[in-house]
Amino acid sequence: MPVFDAQPFALPFRPETTALIVIDMQRDFAEPGGFGESLGNDVSRVGAIVPTVRRLLDGFRAAGLPIIHTMECHRPDLSDCPPAKRDRGDPALRIGDAGPMGRILIAGEPGTAILDELAPLPGEIVIEKPGKGAFHATDLDDRLDTMGAETLVFAGVTTEVCVQTTMREANDRGYHCLLAEDATESYFPHFKAATLEMIIAQGAIVGWTATTDGIVDALADR
Ligand code: TIU
């Protein structure tokens, strides 16, 4: 069986049951005027990982393995956005407010779109999710079950919010979870560092980490 050169130890995987999940690489988190900036963050950190996320996507595409993109967004009537979420964070622009890229985190608005360089190709799965975790109020688990997925590789933003929440949800559902450490980013470097550290602690109790090069090489070498 091929292995990913991972931390805290190598992760064997079956290519036919391995999928990539790219979390929330949306304009709202990467561009000025979106939700990320409205929370007071420097969004340029997110733009910097785009080429690396693209290499990971290209590696999975070349290997012919499934790819899932998630988008954090809500219905225009906000019926799937609890007030507790909308009021949180004291943002300059709240979810549903009109901003320079349209209504913040509302499905179909320009700012909610996935970045052009990382746009889903036909046949790739796109999951619109109202939560930070991608399993809450979505059909992601059914989709993964249908494809027989066992091992999930994660990329995207932000490391300690939507990526880590989704990885932990997946870990509890029995998937082997591997985070591409250079294809994920936080607005806070120390939050990313701490997240990588806690993922690999205690014998991979909630997952593994590996570099994008290592992951792509393992897919190509199998
Ligand atoms: N604020 C922050 O770090 N993240 C989010 O609100 N959503 C995601 O992580 N996608």
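Note that the structure is predicted; figures quoted are calculated from it, not measured. Counting starts at 1 for both ligands and their atoms, in listed order.
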Check: Where the closest heavy atom to atom 6 (O) of ligand 1 is concerned, which of K132, K129, R88 has it?
Finding: K132
Note to self: Go through it in stages, so that I can follow the logic: the residues are S186 and E160, the test is side chain to side chain donor-acceptor pair (under 3.5 Å), and I'd like the CA-CA distance, side-chain angles, deciding distance and then a yes or no.
What the structure shows: CA-CA 7 Å; S186 170; E160 79 282 10; 2.9 Å; yes
Check: Do V161 and ligand 1 have an N or O pair less than 3.5 Å apart?
Finding: no
Next item on the list: Using ring pair (Phe, Tyr, Trp, His ring centres under 6.0 Å) as the criterion, point out the one residue from Y175, W208, F4 that pairs with F13.
Entry: F4
Item checked: Heavy-atom nearest neighbour in the protein, as seen from atom 1 (N) of ligand 1, with distance rounded to 0.1 Å -> L39 CD1, 3.5 Å
Note to self: How far is atom 8 (C) of ligand 1 from the closest protein heavy atom, and which atom is that?
What the structure shows: C162 SG, 2.7 Å
Checklist line | Check: E160 N/O within less than 3.5 Å of ligand 1 N/O | finding: no
Note to self: Using side-chain heavy atoms (C-beta onward) and a distance below 4.5 Å, is L144 in contact with I68?
What the structure shows: yes
Notebook entry, point to check: For V157, is at least one N or O under 3.5 Å away from an N or O on ligand 1?
Noted result: yes
Margin query: Does either side chain, that of H69 or that of E124, offer a donor lying less than 3.5 Å from an acceptor on the other one?
Written below: yes
Notebook entry, point to check: Between the side chains of S79 and D77, does any donor sit under 3.5 Å from an acceptor?
Noted result: yes
Checklist line | Enumerated ligand 1 atoms positioned under 4.0 Å from heavy atoms of D24 | finding: 8 (C), 10 (N)
Notebook entry, point to check: Which atoms of ligand 1 sit under 4.0 Å from any heavy atom of F35?
Noted result: 6 (O)
Next item on the list: Among all protein heavy atoms, pick out the one at the shortest distance from atom 2 (C) of ligand 1; state its residue, atom name and that distance to 0.1 Å.
Entry: T158 OG1, 3.6 Å
Margin query: When you compare ligand 1 with N41, is there at least one nitrogen or oxygen pair between them that comes in under 3.5 angstrom?
Written below: no
Notebook entry, point to check: For atom 7 (N) of ligand 1, which protein heavy atom lies nearest, and how many Å away is it?
Noted result: E72 OE1, 2.9 Å
Notebook entry, point to check: Counting N and O atoms only, with roles assigned by atom type, does the side chain of D80 sit under 3.5 Å from a partner on the main chain of R75, one being a donor and the other an acceptor?
Noted result: yes
Check: Taking side chain as C-beta onward, heavy atoms only, is P12 less than 4.5 Å from H176?
Finding: no
Notebook entry, point to check: Mind checking whether H190 and F188 have parallel, tilted or perpendicular rings, split at 30° and 60°?
Noted result: perpendicular
